[in-house]
Engineer: 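Handing you this structure, nothing more for now.
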Amino acid sequence: MILLEISKRQNGSKKSTLLPLPASQTEMDAALDAIEAKNWSRVKVCCLDCCAPALIPHIVNDDNIAHINRLEQRMQEMNDIQRSKFKVVLEATKTDSVLGATNIAYTLDEYLYLPQYTSPEDVGRDTLEKAVGELVLRYVNLYAYGEALIKSQGSVLTDRGLVSRRDGQPVMTASMSASNEMKLE
């Protein structure tokens, strides 16, 4: 799911190798040996492919290969539905680090993903219809009402659906503070 190219410049030439993740410690050590590097701080990491394309720019030059590998291991454990939800939550939270993405991957159940809502009008219509029935719908600006609902709930509407938090906290605030608090080994 994540394919890395690791490289090292030495004496004007570049040595590189591919490292598909997840990888065992032995495989990671072999990749370092292949480019004659002693540790990860001396290599350039480039993400060539990732099942969550939003992560690619954040993986580039992240020298903590253990964090990247841990994220990949978690993504391997996800089924297709969870993986789709993960991608949408990454987009909604605007996560900008491997550590933040890993936090989301391990706390994915805290998020609600509602793909049936693709516009503020959908949100407004569904909410009003449940509360007062169909009759009132034609007299209400459903788009504006839906936008107000999304904002008041701290939700984020993406191209692929609505993302909310189960605890009622705003999507952006909760993900940013949680990713700042998460500590990985």
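Worth saying up front: this structure is predicted, and the values here are computed from it rather than measured. The figures that follow rest on heavy atoms only: side chains count, while hydrogens, waters and symmetry mates do not.
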Engineer: Taking OH in Tyr143 as the centre, count heavy atoms belonging to other residues, nucleotides or ligands within less than 6.0 Å. Is the count above 12?
Structural biologist: no
Engineer: For the atom pair CD (Glu121) and CG (Asn141), what is the distance rounded to the nearest 0.5 Å?
Structural biologist: 8.5 Å
Engineer: Under a single-linkage rule joining Ile, Leu, Val, Met, Phe, Trp and Tyr whose side-chain heavy atoms are separated by less than 4.5 Å, which residues share a cluster with Leu3?
Structural biologist: Leu18, Leu48
Engineer: At what distance, to the nearest 0.5 angstrom, does CG of Asp122 lie from CG of Leu157?
Structural biologist: 8.0 Å
Engineer: Going by side chain to side chain contact (heavy atoms under 4.5 Å, CB included), Cys47 matches just one of Leu55, Ile68, Leu4, Val98. Which one?
Structural biologist: Leu4
Engineer: Taking all non-hydrogen atoms of both residues, which atom of Arg165 and which atom of Gln169 are closest, and how far apart?
Structural biologist: CB-O, 3.4 Å
Engineer: Test the Arg74-Tyr106 pair against the cation-pi criterion, namely NZ or CZ under 6.0 angstrom from the six-membered ring centroid and within 45° of the ring axis.
Structural biologist: yes
Engineer: Of the non-hydrogen atoms in Glu72 and Pro22, which two are nearest, and what is the gap between them?
Structural biologist: CG-N, 3.1 Å
Engineer: Is the shortest distance from a Lys or Arg side-chain nitrogen in Arg125 or Glu129 to a carboxylate oxygen in the other one below 4.0 Å?
Structural biologist: no
Engineer: Quick one: pull up CD1 in Ile59 and CD1 in Ile65 and give me the separation to the nearest 0.5 Å.
Structural biologist: 9.0 Å
Engineer: Given Tyr111 and Val88, is the side-chain contact (heavy atoms from CB on, under 4.5 Å) satisfied, shown in steps?
Structural biologist: CA-CA 10 Å; Tyr111 294 89; Val88 174; over 6 Å; no
Engineer: Taking Leu128 as the fixed residue, which of Leu137, Leu149, Val123 is the one that meets the side chain to side chain contact (heavy atoms under 4.5 Å, CB included) rule?
Structural biologist: Leu137
Engineer: Go through the structure and list residues passing salt bridge (charged side-chain N to carboxylate O under 4.0 Å, His left out) with Glu134, not counting sequence neighbours.
Structural biologist: none
Engineer: Would you say Leu112 and Leu90 are hydrophobically clustered, going by side-chain heavy atoms of ILVMFWY under 4.5 Å?
Structural biologist: no
Engineer: State whether Glu91 and Arg160 are salt-bridged, where the test is any N-O pair (Lys NZ or Arg NE/NH1/NH2 against Asp/Glu carboxylate O) under 4.0 Å.
Structural biologist: yes
Engineer: Between Ser7 and Lys15, does the side-chain contact (heavy atoms from CB on, under 4.5 Å) criterion hold? Intermediate values first, please.
Structural biologist: CA-CA 5 Å; Ser7 61; Lys15 292 186 178 199; over 6 Å; no
Engineer: Starting from Val171, can I reach Leu114 by hopping between I/L/V/M/F/W/Y residues whose side chains sit under 4.5 Å apart?
Structural biologist: no
Engineer: For residues Ala101 and Phe86, report the shortest heavy-atom separation together with the two atoms involved.
Structural biologist: O-CE1, 3.4 Å
Engineer: Atom OG1 of Thr17 and atom CD of Glu5: how far apart are they, to the nearest 0.5 Å?
Structural biologist: 8.5 Å
Engineer: Given Asp29 and Gln25, is the side-chain contact (heavy atoms from CB on, under 4.5 Å) satisfied, shown in steps?
Structural biologist: CA-CA 6 Å; Asp29 291 343; Gln25 188 62 50; 3.0 Å; yes
Engineer: Kindly work out whether a path of hydrophobic side-chain contacts (I/L/V/M/F/W/Y, heavy atoms less than 4.5 Å apart) joins Ile56 to Leu19.
Structural biologist: no
Engineer: Is it true that Ser155 and Ser164 share a donor-acceptor pair across their side chains at a distance under 3.5 Å?
Structural biologist: yes
Engineer: Who passes salt bridge (charged side-chain N to carboxylate O under 4.0 Å, His left out) against Glu147, sequence neighbours left out?
Structural biologist: none
Engineer: Over all heavy atoms of both residues, which pair between Ala105 and Leu71 is shortest? Give the atoms and the distance, please.
Structural biologist: CB-CD1, 4.0 Å
Engineer: When you look at Arg138 and Leu135, which way does the side-chain contact (heavy atoms from CB on, under 4.5 Å) test go after all the steps?
Structural biologist: CA-CA 7 Å; Arg138 64 181 150 187; Leu135 183 60; 3.3 Å; yes
Engineer: Flag the pair Leu32 / Trp40 as yes when at least one side-chain heavy-atom distance between them is below 4.5 Å, and no otherwise.
Structural biologist: yes
Engineer: Give a yes or no on whether a salt bridge exists between Glu36 and Lys8, defined as a side-chain N under 4.0 angstrom from a carboxylate O.
Structural biologist: no
Engineer: As a quick check of understanding, evaluate side-chain hydrogen bond (donor to acceptor under 3.5 Å, both in side chains) for Gln73 and Glu77, giving each step before the final call.
Structural biologist: CA-CA 7 Å; Gln73 288 168 339; Glu77 296 167 358; over 6 Å; no
Engineer: Linking I/L/V/M/F/W/Y whenever any side-chain heavy atoms sit under 4.5 Å apart, do Leu108 and Leu162 land together?
Structural biologist: no
Engineer: Could you tell me the separation between the CD1 atom of Ile35 and the OG atom of Ser16, rounded to the nearest 0.5 Å?
Structural biologist: 8.0 Å
Engineer: Spell out, yes or no, whether Tyr145 and Ile150 are grouped together once hydrophobic residues are joined by side-chain heavy atoms under 4.5 Å, including indirect joins.
Structural biologist: yes
Engineer: For Asn79, does the CG atom sit with more than 12 other heavy atoms under 6.0 Å from it, leaving out its own atoms?
Structural biologist: yes
Engineer: May I ask you to test the Val43-Val45 pair for a side-chain heavy-atom distance under 4.5 Å?
Structural biologist: yes
Engineer: Could you grab the distance from atom CG of Asn69 to atom OG1 of Thr102, nearest 0.5 Å is fine?
Structural biologist: 10.0 Å
Engineer: For Thr107 and Glu110, indicate whether the former's side chain and the latter's backbone hold a donor-acceptor pair under 3.5 Å.
Structural biologist: no
Engineer: Looking only at heavy atoms, which two atoms of Met28 and Ala23 are closest? And how far apart?
Structural biologist: CG-CB, 3.9 Å
